[in-house]
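In what follows, a structure is listed as structure tokens, so that the remarks can point back to it.
Below, chain A is the first sequence line, B the second, and so on; all start at residue 1. The figures that follow rest on heavy atoms only: side chains count, while hydrogens, waters and symmetry mates do not.
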Amino acid sequence: MTDLKIYDTYNRENRVFKPLNHPFVGIYICGPTVYGHPHLGHARGPVVFDVLHRFLIYKGFKVRFVRNVTDVGHLVNDADEGEDKIAKKARVEQLEPMEIAQFYTDSYHKMLHALNIRPASIEPRASGHIIEQIEMISKIIENGFAYESNGSVYFDVIKYSSNHDYGKLSGRILEDLIAGAGNEARDLEGQDEKHNPNDFALWKKAGPEHIMRWPSPWSEGFPGWHIECSAMSRKYLGDTFDIHGGGMDLLFPHHESEIAQSQACTGHQPANYWMHHNMITVNGQKMAKSLNNGISIEEFFSGKHPLLEKAYSPMTLKFFILQAQYRGTLDFSNAALQASEKGLSRLLQAGETLEKIKPNNQNDLEVTSIQIELEEALNEDLNTPILIAKLFDLVTKINQIDTGQIGITLENLEKLKVIYKTFVHEILGLENEKDSGSEKIKGVLEILIELRNEAKSNKNYELSDVIRKKLTEIGIELKDGKEGTSFSIS
RNA sequence: GGUCGGAUGGCCGAGUGGCUAGGCACGGGUCUGCAAAACCCUCUACAGCGGUUCGAAUCCGCUUCCGACCUCCA
């Protein structure tokens with residue numbers, strides 16, 4: 001059995017995963033800023049890292065999985081009044097900022113639940129770790145890598161670069177950044193307070209309109225965007241932990257700055273492996289508010305969006321995401337979603353078929369090698385599309401056993417059931433969304449099937465077809481097989 | 001402009017220096033009273049132009065096109 005290989009963004013290569021303190025694994029994932037309902041793009045990270053989480057557990061590691069929620073708004077991009085996203089929303093909706101954060105945190109949790117994402121071991125919030133952030137900032141100042149300016153504190157990128165490689169993670173060269181900074185002519189608040197335009201804020205003094213504020217040694221204000229993740233990952237996972245994950249859009253400046261801050265504070269690299277998932281695109285372009293192509297999760301599940309031909313279930317979305325490797329962009333389209341929907345249904349149906357298969361003495365299936373192949377797929381940097389392809393090969397086999405074309409022994413059948421359950425349900429976290437119905441409904445259906453079969457044997461096809469048609473109309477499908485009639489409820 | 005990443009069959013999406021991933025759709029068939037489901041068969045692609053090689057979609061170069069990021073924006 002080979003080891004898990006992870007593509008490490010920092011070193012730009014696949015590296016064999018070796019935890020710092022076997023069998024313990026510490027993972028930190030950058031979660032959302034909760035100032036709006038989650039959209040389709042927000043689903044990818046949780047789904048991808050959930051598979052990582054589950055796969056590591058499958059491999060026997062003891063995982064501490066930390067995913068934060070950013071409930072400190074930071075500054076809005078294009079509003080120069082110095083207001084932050086959450087505060088702005090709070091003003092517009094006439095609510096307390098924490099009400100906004102709570103409301104959208106709940107919305108985010110709803111999505112995670114619908115997608116059957118394992119809960120994080122710890123879900124820290126930025127607002128609950130102001131003290132840790134202040135401590136870290138103090139230490140960075142003490143170590144000479146940050147300076148106070150008019151009540152705000154900035155990280156000294158030039159100083160840091162004299163003996164560290166600022167830009168290695170994101171493949172940037174500081175000289176280019178310096179050259180580019182002026183050209184952009186960005187009109188960000190407080191630029192004149194910085195020694196250098198590349199310096200970034202660790203602490204910002206709050207203007208009078210800024211409602212989210214905390215006391216600090218420097219001013220009443222709020223922490224910079226990057227420091228929360230450094231402080232919280234350090235608190236719960238230590239100075240150096242195993243895996244840090246997030247979206248590719250966070251590569252720069254967020255993660256680059258996290259590395260710099262942690263190095264400046266502790267003298268250590270914060271993470272051993274950096275994992276970045278790619279974006280979900282619509283018509284080849286990233287989902288973005290400015291492009292007006294954002295589809296919220298709620299809209300996705302209800303089908304209420306102009307881009308959607310129909311509603312799609314949570315598991316369809318999850319399966320759609322898993323059919324692409326996490327480092328590539330994934331393009332949204334109705335055709336692709338509908339293909340995933342059908343494929344998923346076939347995959348899950350095979351699981352049900354597996355439960356009723358009868359073994360015999362013939363054996364046409366090498367069960368052990370199947371398990372190895374499935375695991376190998378994920379060992380290669382979580383190649384879920386390969387895993388799914390292999391699972392579909394298995395689906396074919398299961399169906400062939402069911403139709404008597406090939407045989408399986410009782411022993412192998414039991415093993416096969418375990419393998420299927422492990423990979424489909426426990427590792428990919430896919431669940432059957434079909435309503436299997438209560439025992440009474442099942443009983444009623446059995447009676448209907450019996451009556452229909454009686455009609456059929458009397459060649460009263462008019463009646464038997466009416467029964468089938470009426471049931472289909474309410475979402476119950478009858479399937480006449482060699483072993484009798486079965487049904488599925490959708 | 002800088003940096004990075006892409007361009008694969010009708011659609012989505014893997015992968016590899018030679019052994020035709022997979023899903024969905026399409027077409028044909030088996031089964032069935034008829035359907036559905038299931039099964040079998042069919043559809044053999046890798047942006048363009050050069051080069052390296054016995055052999056390249058896979059390596060190298062150039063071109064075209066697309067995308068992401070570029071300081072507080074998932």
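A residue-by-residue look at A:Asp480 and A:Ala389 shows that A:Ala389 has its nearest nucleotide of RNA chain B further toward the 5' end. The residue among A:Lys456 and A:Lys479 whose nearest nucleotide of RNA chain B lies closer to the 5′ end is A:Lys456.
The distance between atom CD of A:Glu380 and atom P of B:G13, rounded to the nearest whole Å, is 21 Å. One can place CD1 of A:Ile449 at 14 Å from C1' of B:A37, the figure rounded to the nearest angstrom. Atom-to-atom, CG of A:Leu478 to C1' of B:G33 comes out at 16 Å; the value is rounded to the nearest Å. Separating the CZ atom of A:Arg452 from the P atom of B:A35 is a distance of 13 Å, rounded to the nearest angstrom. The distance between atom NZ of A:Lys469 and atom P of B:G33, rounded to the nearest whole Å, is 22 Å. As rounded to whole Å, 11 Å separates atom P of B:G13 from atom CG of A:Leu337. Atom P of nucleotide B:C4 and atom CG of A:Leu169 are separated by 14 Å, given to the nearest angstrom. In this structure, A:His226 places its NE2 atom 14 Å from C1' of B:C69, rounding to the nearest Å.
Note that the CZ atom of A:Phe55 and the CG atom of A:Leu382 stand 7.0 Å from one another [nearest 0.5 Å]. One distance of note links SG of A:Cys265 with CE of A:Met136; it measures 4.0 Å at 0.5 Å rounding. To the nearest 0.5 Å, atom NE2 of residue A:His244 and atom CD1 of residue A:Ile29 are 7.0 Å apart.
Each of B:C39, B:G13, B:C34 was ranked by its minimum atom distance to the side chain of A:Gln405; first place goes to B:C39. Taking every side-chain heavy atom of A:Ala336 into account, B:C12 is the closest of B:G33, B:C12, B:G22. The side chain of A:Ala339 lies closest to B:G23, out of B:A14, B:G22, B:G23. Nearest nucleotide to the side chain of A:Glu477, out of B:A74, B:A36, B:C69: B:A36. Comparing atom distances between the A:Lys342 side chain and each of B:G22, B:G15, B:C24 picks out B:C24 as nearest. Taking only side-chain atoms of A:Arg468, from C-beta outward, the nucleotide of B:A74, B:A14, B:G33 with the closest atom is B:G33. Checking B:A14, B:G33, B:G13 against the side-chain heavy atoms of A:Gln325 singles out B:A14 as nearest.
Counting only heavy atoms from C-beta outward, the side chains of A:Leu115 and A:Leu112 never approach each other to under 4.5 Å. A:Phe200 is not listed as a side-chain neighbour of A:Trp225, based on a closest heavy-atom distance of 4.5 Å or more. A:Gln349 is listed as a side-chain neighbour of A:Glu352, based on a closest heavy-atom distance under 4.5 Å. Contact check for A:Asp480 versus A:Arg452: side-chain heavy atoms found under the 4.5 Å cut-off.
Using modelled atom types, no side-chain atom of A:Arg44 and backbone atom of A:Ile321 make a donor-acceptor pair closer than 3.5 Å.
Residue-level contact check: A:Met279 touches the bases, meaning some heavy atom is under 4.0 Å from a base atom. As judged by a 4.0 angstrom heavy-atom cut-off over every strand, A:Ser340 is placed among residues making no nucleic acid contact. Using a 4.0 Å heavy-atom distance criterion, A:Ala324 is classed as a sugar-phosphate-only contact. At a threshold of 4.0 angstrom between heavy atoms, the contacts of A:Leu250 are confined to the sugar-phosphate backbone, with no base atom among them.
Here A:Asp50 does not pair with A:Arg67 in a salt bridge; the nearest charged N to carboxylate O distance is not below 4.0 Å.
Straight-line distance between the C1' atoms of B:G48 and B:C66: roughly 15 Å, to the nearest whole Å. Taking the P atom of each, B:C60 and B:A68 are spaced 25 Å apart, rounded to whole Å. Separation of the P atoms belonging to B:G1 and B:A57 is 31 Å when rounded to the nearest angstrom. Rounded to whole Å, the C1' atom of B:C69 lies 29 Å from the corresponding atom of B:C11. Using P as the reference atom, B:C43 and B:G10 are 14 Å apart when rounded to the nearest Å. Going from the P atom of B:A35 to that of B:G27 covers 15 Å, rounded to whole Å. The C1' atoms of B:U53 and B:G17 are separated by 9 Å, rounded to the nearest whole Å. Straight-line distance between the C1' atoms of B:G22 and B:U8: roughly 14 Å, to the nearest whole Å.
Of the side-chain N and O atoms in A:Asn278, none sit less than 4.0 angstrom from OP1 or OP2 of B:A68. The side chain of A:Arg346 places an N or O atom within less than 4.0 Å of a non-bridging phosphate oxygen (OP1 or OP2) of B:G23. Side-chain nitrogen and oxygen atoms of A:Tyr35 include at least one within less than 4.0 Å of the OP1 or OP2 phosphate oxygen of B:A74. Proximity of A:Gln400 to the phosphate of B:C40: a side-chain N or O atom is located under 4.0 Å from OP1 or OP2.
Counting distance only, with no hydrogens placed and no angle test, the side-chain atoms of A:Asp331 and the base atoms of B:C11 include no donor-acceptor pair under 3.5 Å. Side chain A:Asn399 to base B:A37: no donor-acceptor pair is found below 3.5 Å. You won't find any donor-acceptor pair under 3.5 Å spanning the side chain of A:Arg12 and the base of B:C4, going by distance alone.
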Query raised in the report: Given Watson-Crick or G-U pairs with both distances under 3.5 Å, what dot-bracket string fits RNA chain B, with | for other-strand pairs and [ ] for crossing?
Result: (((((((..(((.....[...)))..((((.......)))).....(((((..]....))))))))))))....
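For A:His276 and A:Thr9, the side-chain atoms include at least one donor-acceptor pair closer than 3.5 Å. Residues A:Tyr312 and A:Asn334 have side chains that bring a donor and an acceptor to within less than 3.5 angstrom of each other.
Ring-to-base geometry does not place A:Phe392 in a stacked arrangement with B:G23 (centre distance under 5.5 Å, plane angle under 30° required).
Among residues at least two apart or in separate chains, salt bridge (charged side-chain N to carboxylate O under 4.0 Å, His left out) pairs with a member in residues 378-397 of chain A are A:Lys5-A:Glu380, A:Arg327-A:Asp381, A:Glu373-A:Lys390.
Between A:Tyr104 and A:Gly36, the shortest heavy-atom contact is CD2-C, 3.2 Å.
Taking a 4.0 Å limit (strictly below) on heavy-atom distances, residues 42-52 of chain A reaches RNA chain B at A:His42.
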